[in-house]
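Letters A, B, ... mirror the listed sequences (proteins, then strands); counts begin at 1. Predicted model only: the values in this text are computed from it and were never measured.
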There are 2 protein chains.
Amino acid sequence: MERKTGKECTADQQLPALGIGPYLELMDKTAVQDADRKSIRMGLVMLWLSDNILDVMDVDLAPFGITESKLDMLLLLMLHDGRELVTPSAIADRLGIRRASVTALLDWLEKRGWVSREQSARDRRMIHVRITPEGRALVDQVLPTFWSTCASLLDDLDAEERKVFEKILSKLHQSIEKKVGVGR
Amino acid sequence: MERKTGKECTADQQLPALGIGPYLELMDKTAVQDADRKSIRMGLVMLWLSDNILDVMDVDLAPFGITESKLDMLLLLMLHDGRELVTPSAIADRLGIRRASVTALLDWLEKRGWVSREQSARDRRMIHVRITPEGRALVDQVLPTFWSTCASLLDDLDAEERKVFEKILSKLHQSIEKKVGVGR
DNA sequence: CCAAATAGTTAGATTATCTAACTATGACTA
DNA sequence: TAGTCATAGTTAGATAATCTAACTATTTGG
């Protein structure tokens with residue numbers, strides 16, 4: 001909980017946010033019903049973990065010159081390649097972002113030659129987006145790291161813990177899906 | 001796993017990223033050792049949860065016109081108020097961000113009257129940052145929501161599950177702390 | 001045939017970061 | 001004490017990932 005002081009931070013990367021300590025301290029001062037304390041404490045850890053897990057992935061992907069959002073898009077294209085024609089609108093739907101954001105992402109990926117755009121002949125408003133061989137090569141290169149980073153999140157859990165955690169995770173998944181799903 | 005299609009997304013808020021489904025599909029196509037599959041799958045869920053947990057908190061804080069980063073800073077100031085003089089450098093250290101970023105955050109908070117800056121008399125290079133009564137009022141107003149959002153993350157877990165999850169969380173906490181701690 | 005819907009882009013904004021360079025100021029040393 | 005070095009904070013300028021609103025084609029349906 002205590003931050004190491006001393007040596008100056010020289011990182012050239014994004015660093016995670018405030019630890020949990022200060023929050024716990026504040027919670028103890030705040031009038032919170034005793035029964036809730038444990039849940040809150042666990043929620044705080046989950047929040048902290050969330051920040052830092054994303055950070056770990058960011059850092060691991062960085063050497064490949066790609067971010068999670070962009071990898072998401074490439075994977076999506078890879079998955080549909082050959083099978084279906086993918087349009088920016090469809091991508092926006094799938095990724096849950098706006099069409100304008102997709103345009104920006106595609107511009108970036110296209111500039112690097114990882115995706116290509118082609119106007120549809122049937123409906124000239126539409127664009128077909130495809131991953132290029134270079135894009136595919138990049139993904140092939142990144143995936144092993146991606147998988148191993150995913151798996152490494154559980155490194156310190158033993159077999160028994162993994163077993164129970166699996167069930168808990170799936171409950172949490174559903175639970176959060178319900179929450180974020182509201183209003184859509 | 002499957003996205004609801006149909007109704008157009010009309011949200012005026014940030015939406016979470018690609019679900020897990022596409023990743024699982026890709027994993028199955030990729031040459032991954034069978035033993036790892038389960039860990040990877042769980043890691044993927046953790047990644048998804050991370051994105052979405054932060055999102056839930058963002059959404060819950062939004063009505064107060066504040067974000068987690070800014071709340072972090074206010075809480076830090078609140079905690080030290082009266083006890084210690086807090087400088088931007090110290091804040092940067094505590095939050096793990098650069099001094100320049102602290103300047104930006106403070107500018108924003110100061111503009112709204114939630115913090116104040118005052119030059120130190122003893123060392124005129126230094127600035128003392130304080131939370132204002134208005135800032136304190138804001139925090140008092142936000143905290144109940146913050147706590148309840150934290151606690152609500154565990155809503156769907158029963159007593160038994162919470163008990164085991166607590167241990168798992170603390171292991172994960174340590175484990176990730178070790179990872180992000182490397183190189184600092 | 002024309003109005004309305006749809007697809008994609010552009011323009012401009014926000015949030016949260018970063019690095020590098022700059023301005024004071026203080027501290028130590030020759 | 002003058003000169004150099006270190007420290008504190010800010011500024012300037014960049015990037016990433018988003019958003020909204022307005023715009024341009026193009027298609028569709030009455």
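In the set dC18(C), dT20(D), dT27(D), the nucleotide with an atom closest to the side chain of A100(A) is dT20(D). Across dG8(C), dT26(D), dC18(C), the shortest atom-to-atom separation from the side chain of R99(A) is found for dG8(C). Nearest nucleotide to the R124(A) side chain, out of dT27(D), dG26(C), dT18(D): dT27(D). Side-chain proximity of T87(B) to the nucleotides dG9(D), dA16(C), dG8(C) is greatest for dG9(D). Which of dA11(C), dT19(C), dG8(C) sits closest to the side chain of T103(A) comes down to dG8(C).
Straight-line distance from the CE atom of M126(B) to the P atom of dG9(D): 7 Å, rounded to whole Å. With rounding to whole Å, L109(A) atom CG is found 16 Å from dT15(D) atom P. Atom P of nucleotide dA16(C) and atom CD1 of I91(B) are separated by 15 Å, given to the nearest angstrom. As rounded to whole Å, 20 Å separates atom P of dT15(C) from atom CD1 of I97(A). The separation between R98(A) atom CZ and dA13(C) atom C1' is 15 Å, rounded to whole Å. In this structure, the CG atom of L106(A) is 10 Å from the P atom of dG8(C), given to the nearest Å. Whole-Å rounding puts the E118(A) CD to dA7(C) P distance at 18 Å. Atom CZ in R117(B) sits about 16 Å away from atom P in dA8(D), given to the nearest Å.
Both K70(A) and R122(A) sit near DNA chain D, but only K70(A) has its closest nucleotide nearer the 5' end. Closest-nucleotide positions on DNA chain D for W108(A) and P88(B) were compared, and the one nearer the 5' end corresponds to P88(B).
At a threshold of 4.0 Å, the pair K179(A)-D55(B) does not count as salt-bridged, since none of the basic side-chain nitrogens sits closer than that to a carboxylate oxygen.
Here S101(A) lies in heavy-atom contact (under 4.0 Å) with a base. Nucleic acid contact class of S89(A) (heavy atoms, under 4.0 Å, all strands): sugar-phosphate only.
Ring planes of W48(B) and H173(A): tilted class, angle from 30 to 60°.
Applying the 3.5 Å distance criterion, the base of dT7(D) shares a donor-acceptor pair with the side chain of R125(B).
Hydrophobic clustering of Ile, Leu, Val, Met, Phe, Trp and Tyr side chains at less than 4.5 Å, counting indirect connections, unites L153(B) with V142(B).
Of the listed residues (K178(A), K167(A), K171(A)), just one forms a salt bridge (Lys or Arg N to Asp or Glu O under 4.0 Å) with D156(B), and that residue is K178(A).
For the OP1/OP2 pair of dA16(D) and a distance below 4.0 Å, the side-chain nitrogens and oxygens of S69(A) include no atom meeting the criterion.
For R83(A), the CZ atom is densely surrounded, since the number of other residues' heavy atoms within 6.0 Å is greater than 12.
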